[in-house]
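Heads up: numbering here begins at 1 and tracks the sequence.
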Amino acid sequence: MNSPDQPLPMFDEVLLCTPQTTAEEVGLFLRRCLIPCSGGEKIYTMLYADELSYDVSCKAEELFQHLQRYNSAYRLVILCNCEREHSYIPSVFSQYKVHVVPQRSSLAEIQQYLQQHYRVAQPSSSAASVFKDNMCVGIVSSKRAGMGK
């Protein structure tokens, strides 16, 4: 987000971890990150890696240790909740820990950046016509549950 021209991450560059994330999903993600290919200079990100189960975390660490021998130029960011910094993955990678403060504090700047990247260039008869300003994503909410959102 340092430049409005920087693209958003692609689907294969981000793994959103939950307690239900499997070792296979983490393994596929780490292979994409650590096995050299002609995919360019992608930055891979594991979000909420502290939520992985203990077994999945152990397998992930083992696979990471094995695969990193093949590629010393990988680009991997692991984001964790600071309140869970003593769970397995944050502990294993604690030597690389960096506390980060968001660079953009203005909600308006963040919204403008996202609007630039999520706007449909040429409106057509697509779902984007449903959302304001030809955006291809939107948030629908209600104070009352189950109201047909």
Side-chain angles (χ1 to χ4, degrees), residues 1-124 126-131 133-141 149:
M1 232 183 85
N2 291 331
S3 165
D5 298 330
Q6 287 180 313
L8 290 168
M10 299 296 292
F11 70 93
D12 63 334
E13 295 176 83
V14 178
L15 179 64
L16 179 60
C17 301
T18 67
Q20 291 76 35
T21 302
T22 66
E24 181 180 6
E25 291 170 319
V26 176
L28 290 171
F29 179 78
L30 289 174
R31 283 180 179 85
R32 278 195 302 264
C33 174
L34 296 169
I35 294 177
C37 65
S38 61
E41 295 294 322
K42 294 183 176 185
I43 300 174
Y44 293 89
T45 306
M46 287 179 69
L47 297 171
Y48 305 116
D50 53 291
E51 294 204 12
L52 293 173
S53 70
Y54 181 79
D55 292 338
V56 171
S57 296
C58 290
K59 290 177 184 175
E61 180 203 5
E62 183 180 314
L63 182 61
F64 177 84
Q65 298 298 339
H66 174 72
L67 291 177
Q68 84 175 67
R69 294 183 226 150
Y70 298 106
N71 184 6
S72 62
Y74 63 89
R75 298 165 71 176
L76 174 63
V77 176
I78 302 174
L79 296 175
C80 299
N81 184 339
C82 64
E83 294 174 3
R84 295 179 42 93
E85 67 183 339
H86 299 295
S87 57
Y88 194 88
I89 292 291
S91 296
V92 167
F93 293 98
S94 64
Q95 64 195 23
Y96 306 107
K97 181 173 29 178
V98 176
H99 290 282
V100 178
V101 176
Q103 297 295 315
R104 301 280 188 216
S105 58
S106 167
L107 179 60
E109 286 182 62
I110 294 170
Q111 287 174 332
Q112 184 178 8
Y113 174 81
L114 292 173
Q115 283 176 350
Q116 177 181 344
H117 289 283
Y118 283 123
R119 181 168 283 125
V120 175
Q122 303 216 345
S124 61
S126 72
S129 62
V130 174
F131 296 111
D133 298 327
N134 295 318
M135 303 302 289
C136 62
V137 297
I139 297 174
V140 178
S141 65
K149 295 181 283 295

Do E51 and T21 pass the side-chain contact (heavy atoms from CB on, under 4.5 Å) test, and can you show the C-alpha distance, the side-chain angles, and the key distance before you say yes or no? CA-CA 9 Å; E51 294 204 12; T21 302; over 6 Å; no

Using 0.5 Å steps for rounding, measure from the CG atom of L15 to the CG atom of L30. 8.0 Å

Only counting residues at least two apart or in another chain, list the ones meeting side chain to side chain contact (heavy atoms under 4.5 Å, CB included) with L47. V14, L16, T45, L79

Could you state the interatomic distance from CZ (F29) to CD (E24), rounded to the nearest 0.5 Å? 15.0 Å

Of the non-hydrogen atoms in L52 and M46, which two are nearest, and what is the gap between them? CD1-CE, 3.9 Å

Residues at least two apart in sequence or cross-chain that pass side chain to side chain contact (heavy atoms under 4.5 Å, CB included) with Q20, listed by chain then number, are T18

Donor-acceptor under 3.5 Å (R32 side chain, D12 main chain): yes

Crowding at CZ, F93 (>12 non-hydrogen neighbours, <6.0 Å): yes

Result block: side-chain N/O donor-acceptor pairs under 3.5 angstrom for residues 55-72, not counting sequence neighbours:
unit_1 : atom_1 : unit_2 : atom_2 : d
S57    : OG     : S53    : O      : 2.9
E61    : OE1    : Y88    : OH     : 2.4
N71    : OD1    : A73    : N      : 2.9

Minimum heavy-atom separation for C80 to A49, with atom names? SG-CB, 4.1 Å

Taken to the nearest 0.5 Å, the spacing of Y48 OH from C17 SG works out to 11.0 Å

Would you compute the distance between atom CG of L28 and atom CZ of R31 and round it to the nearest 0.5 angstrom? 6.5 Å

Nearest atoms (heavy-atom pairs only) where S87 meets R84: OG-O, 2.8 Å

Quick check: closest heavy atoms across K42 and R75, and the distance to 0.1 Å? O-CB, 3.5 Å

side-chain contact (heavy atoms from CB on, under 4.5 Å) between E85 and K97, worked out: CA-CA 10 Å; E85 67 183 339; K97 181 173 29 178; 3.1 Å; yes

About how many Å separate CD1 of I78 and CG of D50, when rounded to the nearest 0.5 Å? 10.5 Å

